[in-house]
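Taking it in order: structure first as structure tokens, then the write-up.
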Amino acid sequence: MAKLIDGKIISAAVKAEVAKETEELKKKGVTPGLAVIIVGEDPASKVYVANKEKACEQMGFASFKYALPENTTQEELIALIEELNLKKEVSGILCQLPLPKHLNEELVINTIVPEKDVDAFHPQNVGKIMIGEFDFLPCTPAGVMEMLKYENIDITGKECVIIGRSNIVGKPMSMLLLHKNGTVTVCHSRTKNLAEVTRRADILVAAVGRANFVTADMVKEGAVVIDVGINRLENGKLCGDVNFAEVEPKASYITPVPGGVGPMTIATLMKNTLTAAKKQNGI
Ligand code: GUN
């Protein structure tokens with residue numbers, strides 16, 4: 001029987017801390033503000049953006065939402081970001097990904113000034129993470145680290161295996177675990193004998209984007225299993241990358257979906273927005 005790592009409880013603790021600091025900051029005349037841009041009608045993205053808005057409200061942040069139509073041009077999107085880059089009330093800018101196919105995500109990411117890049121996607125922030133001198137931590141990997149810390153799970157010397165090499169999760173996750181002295185392996189679609197590699201993991205992070213991908217035979221007895229996946233099944237239910245029913249009896253700790261890593265991502269975003277507001281005001 002694994003212990004459940006409850007993202008709702010841990011994220012609430014992080015957010016309570018952010019809300020408290022925000023209250024203090026507001027007394028100094030500074031209100032953190034988050035601008036969220038969403039282009040098109042992707043239903044999952046709409047839910048994520050609504051959750052981010054709700055969290056801003058809970059924190060006492062100002063929130064600015066820009067819901068742009070699917071046929072928005074590259075020029076229009078860049079012009080909006082350039083406007084937000086200059087806007088004093090906006091401490092952080094987040095453009096919800098994925099963008100419609102005709103838009104260039106890389107260009108969008110590069111246009112957000114690094115000081116307002118609360119996703120930590122800009123090459124300058126990515127580079128800082130690499131050398132361990134970051135202002136912002138990428139939201140999902142940082143959320144995972146917060147969960148491990150909360151549960152007092154030691155990373156030093158542990159075999160950490162990540163499935164997935166995305167810029168958003170897999171790659172930055174590997175860096176954060178490495179900074180905490182884990183022995184890190186990153187697996188991907190071309191990895192040979194995947195189950196053999198994942199069975200070595202003391203800490204297994206699944207960030208594949210495929211429902212129930214991680215099965216019991218891929219997990220070592222007593223492993224810590226972190227499920228970053230959020231997949232929607234045909235019946236409308238949310239499901240992670242880990243086959244929870246199979247894996248849970250083997251794991252020592254496991255994160256559920258929903259209610260695991262997801263809420264942690266938003267809590268880190270709130271933390272980053274607060275950090276941005278403080279830095280921009282010399283606090
Ligand atoms: N789409 C899925 N996850 C994320 C995220 O963390 N940030 C942004 N901007 N888009 C996403």
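In each ligand, atom 1 is the first atom listed, and ligand 1 is the first ligand listed.
The closest approach between a heavy atom of C95 and any atom of ligand 1 is below 4.0 Å.
Under the 4.5 Å side-chain criterion, counting only non-hydrogen atoms from C-beta, R210 is not in contact with N231.
Nearest to atom 10 (N) of ligand 1 by heavy atom, out of L97, I168, L269, I230, is L97. Remark: among candidates D119, L99, I266, T140, the nearest residue to atom 8 (C) of ligand 1 is D119, based on non-hydrogen atoms.
Both I93 and L68 are members of a single hydrophobic cluster when ILVMFWY side chains are connected at heavy-atom separations under 4.5 Å.
When each atom of ligand 1 is checked for a heavy atom of L94 under 4.0 Å away, the hits are 9 (N).
For atom 4 (C) of ligand 1, the nearest protein heavy atom (residue, atom name, distance) is Q96 NE2, 4.2 Å.
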Chi angles and distances behind the side chain to side chain donor-acceptor pair (under 3.5 Å) call for K52, Q96:
CA-CA 10 Å; K52 286 164 187 173; Q96 188 66 30; 2.6 Å; yes
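Only the side chain of F121 comes within contact range of ligand 1, with a heavy atom under 4.0 Å; no backbone atom does.
Closest of all the heavy-atom pairs between M173 and V205 is CG-CG1, 4.2 Å.
Of the charged side-chain nitrogens involved, at least one lies within less than 4.0 Å of a carboxylate oxygen, so that K271 and E146 count as a salt-bridged pair.
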